[in-house]
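Structure, as structure tokens:
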Protein chains: 2
Amino acid sequence: MRPTVYDIAAAAGVSLATVDRVLNRRPGVRLVTREKVEAAIRDIGYIRDVAAANLAKGRVYPLVFILPTGDNSFMHGLYGEVRQAMARSTFDRTEIRIVEVPAFDAPALVAALDALQGLDLAGVALVATDAPEVRAAVDRLVTAGIPVVTLVSDLTGSTRHHYAGVDNIGAGRTAARLLGRFLGGCKGDLTILAGSMLVRDHRERLEGFSSVMAAEFPQLRLLPVLEGRDDPEIANRLISEALSGSNSIIGIYSLGAGNRGLLKALKDTGQGRELTVVVHELTEHTRAALQDGTIDAVLNQDAGHEVRSAIRVMKATADGQDVIAGQERIRLDIFLKDNLP
Amino acid sequence: MRPTVYDIAAAAGVSLATVDRVLNRRPGVRLVTREKVEAAIRDIGYIRDVAAANLAKGRVYPLVFILPTGDNSFMHGLYGEVRQAMARSTFDRTEIRIVEVPAFDAPALVAALDALQGLDLAGVALVATDAPEVRAAVDRLVTAGIPVVTLVSDLTGSTRHHYAGVDNIGAGRTAARLLGRFLGGCKGDLTILAGSMLVRDHRERLEGFSSVMAAEFPQLRLLPVLEGRDDPEIANRLISEALSGSNSIIGIYSLGAGNRGLLKALKDTGQGRELTVVVHELTEHTRAALQDGTIDAVLNQDAGHEVRSAIRVMKATADGQDVIAGQERIRLDIFLKDNLP
DNA sequence: AAATTTTTGATTTACGTACATCAGAATTCG
DNA sequence: CGAATTCTGATGTACGTAAATCAAAAATTT
């Protein structure tokens with residue numbers, strides 16, 4: 001049988017009350033006594049039964065998700081996953097609140113973060129816009145003792161506890177190799193569509209993509225990056241213009257969202273052209289395009305996994321536990337038309 | 001606040017004891033009373049607090065993993081993951097036992113399954129060998145009320161509750177497309193190395209691979225399947241012979257385990273030849289080979305995810321709860337040298 | 001209607017932990 | 001040394017559920 005608080009008391013030769021004082025960092029225990037109890041805890045290998053403790057405490061985990069607004073399928077999916085997590089809140093004792101902020105808007109994000117100061121939260125998850133002031137605001141929350149995890153896009157240099165998202169440099173590199181190998185030895189130009197260079201994930205994908213392209217596929221030339229702000233309308237316009245303006249484009253890498261617009265442009269302007277296309281994020285639109293051969297590969301991050309992982313990590317961090325590392329690694333999914341879920 | 005058993009009692013106008021009798025299917029409740037209580041449960045939306053219930057019951061989940069012996073890295077990894085799960089057993093109230101059976105040995109598997117009859121188990125997970133007698137043995141366990149999940153390789157037609165593994169037909173198809181596209185328009189022969197056609201997962205991978213090859217890459221010819229029994233020694237011999245015997249081989253698909261032997265053959269016999277290689281299962285050997293360019297892609301199933309998923313599903317099935325479907329889907333991981341974890 | 005059986009209620013203990021209260025012991029201070 | 005302070009113990013309640021016991025009520029049978 002797993003040892004209990006009673007076993008600690010017996011082993012340390014103290015009363016239950018004292019054990020409790022030590023376990024819950026309550027005052028009124030002499031140093032020598034405290035050490036005696038802590039030694040007993042180690043000796044008998046006591047592990048707190050979190051379920052029982054939570055029951056006794058009536059513990060709930062108030063969590064906040066700060067999500068960007070945006071009319072693209074990926075964000076819709078992310079919202080959906082958070083809402084599903086809210087539906088499960090009775091089971092896992094969470095109380096989830098969603099805070100919406102405009103996309104790519106650092107000041108708004110900072111304001112949202114600072115508004116959380118002083119609230120009794122078990123964790124904050126945010127899709128980070130990469131800016132020094134955001135980093136500072138995150139650090140303030142961390143200093144205040146609130147677990148913070150970044151979601152989808154990281155904020156390196158900050159003191160956030162965890163990042164629940166994919167390795168975006170690796171994603172960009174992978175996209176480059178897929179495009180490069182799929183194109184065989186063909187020579188030509190590649191168009192890159194990004195959302196915004198303000199978010200770290202997009203910058204990193206581009207970085208990874210460019211470096212593999214330069215090193216291993218020199219016959220492919222990268223055209224200047226188009227910024228579509230993850231907006232289908234803008235993406236459509238930019239890609240249409242690019243395709244109309246050049247005949248040497250043989251491939252496209254879309255590293256952000258708003259692929260609905262890209263696909264429309266491919267249908268309208270790219271008609272009849274032999275294009276190899278790799279995009280990010282599996283949505284109903286990209287799935288259909290993958291199936292009908294309009295695009296060749298989709299790189300994806302599982303939003304559901306990201307949200308669930310973020311919640312697990314925030315809860316564990318909140319009560320000082322550790323997590324199963326392998327379980328919290330967010331994988332880059334590569335979808336061809338043959339392995340769609 | 002979430003409703004409790006007291007709220008049911010009040011709502012139904014009965015005593016706590018009666019509520020308990022209904023909730024735990026204990027005898028001694030008239031039909032009308034039972035229905036009154038059940039109506040109240042629905043009305044107030046009562047959900048049992050499983051943590052509290054388990055605490056009160058002192059519940060543990062005795063689980064059995066039936067795993068094949070075998071000297072290949074994938075199985076070693078699987079064992080390792082189960083052992084890690086055993087190390088976590090205090091936390092999730094499991095009591096895991098591993099039963100070893102010879103690989104590809106249906107009678108042994110049947111014997112192992114039947115030996116579990118009558119034991120008070122919360123679940124059985126097995127790597128299935130696909131045979132009618134195994135199916136029957138699994139069905140017997142299911143009939144006896146024990147949750148059964150298949151791991152890695154499925155057993156369709158049986159009444160197993162769940163399959164914790166990848167879609168192997170899709171995996172084969174994906175391998176075919178990767179090989180086909182990576183080879184550009186080249187014409188030539190492909191060698192296929194399997195473990196055994198006795199296990200469903202290998203048969204399915206081959207089936208998916210063959211169908212995509214036939215339909216979309218007619219310039220590539222498939223050589224007869226080599227069966228290496230997931231054994232590095234045998235794989236080495238078979239591949240060496242194949243490469244020595246033919247100069248028209250331009251690609252290899254290894255759909256089973258034992259890739260250590262394949263890699264040795266590639267190094268010894270395949271020296272200097274331009275081969276495009278796709279293999280299954282990420283191990284230290286295939287990882288290194290991917291990195292140094294010996295192989296081009298690795299398809300993988302995350303053994304850790306499979307084991308954890310199997311445990312979650314068995315526990316949930318054991319107490320009649322449902323699971324988060326998306327969380328239990330085992331994905332086919334595609335690794336290029338750029339997205340290695 | 002009495003005797004019997006079946007249902008139901010009331011109450012208690014337990015699971016492992018948290019937390020509060022109060023009395024008594026040990027320590028420190030003056 | 002006694003008084004004040006700090007520590008420690010003993011005890012009880014709570015969380016939400018399970019499970020057992022015994023008495024009382026209701027239903028059924030005779």
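These figures come from a predicted structure and were not determined experimentally. All heavy atoms count here, side chains included; hydrogens, waters and symmetry mates do not. Letters A, B, ... mirror the listed sequences (proteins, then strands); counts begin at 1.
- Note: OH (B:Tyr6) to P (C:dA10) measures 13 Å, nearest angstrom.
- When the side-chain nitrogen and oxygen atoms of A:Arg26 are compared with OP1 and OP2 of C:dC19, one or more of them lie within a distance under 4.0 Å.
- In A:Arg97, the CZ atom is not crowded: 12 or fewer heavy atoms of neighbouring residues, nucleotides or ligands sit closer than 6.0 Å.
- One finds a salt bridge joining B:Asp49 and A:Arg93 here, because a Lys/Arg side-chain nitrogen approaches an Asp/Glu carboxylate oxygen to under 4.0 Å.
- One interatomic measurement links the two molecules: CZ of A:Arg48 to C1' of D:dC15, which rounds to 16 Å at whole-angstrom precision.
- Nearest nucleotide to the side chain of B:Ala52, out of D:dA18, C:dG16, D:dG16: D:dG16.
- Remark: A:Tyr46 is in phosphate contact with C:dT17, judged by side-chain N or O atoms under 4.0 Å from OP1 or OP2.
- The side chain of A:Asp49 sits closest to C:dG16 out of C:dA18, D:dT17, C:dG16.
- A cation-pi arrangement is present between A:Arg59 and A:Tyr61 under the rule of less than 6.0 angstrom and at most 45 degrees off the ring axis.
- Side-chain nitrogen and oxygen atoms of B:Arg2 include none within less than 4.0 Å of the OP1 or OP2 phosphate oxygen of D:dC15.
- Rounded to whole angstrom, the span from the CZ atom of B:Arg93 across to the P atom of D:dA18 amounts to 13 Å.
- Regarding B:Leu31, its CG atom lies at a distance of 16 Å from the P atom of C:dT6, rounded to whole Å.
- Of all non-hydrogen atoms in A:Val166 and A:Glu306, the two that sit nearest each other are N-OE2, 4.1 Å.
- Salt-bridge annotation for B:Arg48 and B:Asp319: absent, with no side-chain N of the basic residue lying under 4.0 Å from a carboxylate O of the acidic one.
- D:dG16 atom P lies 16 Å from atom CZ of A:Phe91, rounded to whole Å.
- Where B:Ala56 and B:Arg34 each meet DNA chain C at their nearest nucleotide, the meeting point lying more 5' is that of B:Arg34.
- In this structure, the CZ atom of A:Arg59 is 12 Å from the P atom of C:dA18, given to the nearest Å.
- Taking atom CG on B:Asn24 and atom P on C:dC15, their separation rounds to 18 Å, with Å as the unit.
- At a threshold of 4.0 angstrom between heavy atoms, the contacts of B:Gly28 include nucleobase atoms, whether or not backbone atoms are also involved.
- The CG atom of A:Asp319 sits 14 Å away from the C1' atom of C:dT17 (whole-angstrom rounding).
- The closest donor-acceptor contact from the side chain of A:Thr129 to the backbone of A:Ala106 lies at 3.5 Å or more, if one exists at all.
- Remark: A:Arg30 is not in phosphate contact with C:dA26, judged by side-chain N or O atoms under 4.0 Å from OP1 or OP2.
- Note on A:Asp154 versus A:Arg160: salt bridge recorded, some NZ/NE/NH1/NH2 to OD/OE distance being below 4.0 Å.
- Residues from residues 8-23 of chain B that place a heavy atom under 4.0 Å from any atom of DNA chain D, listed by number: B:Asp20, B:Arg21.
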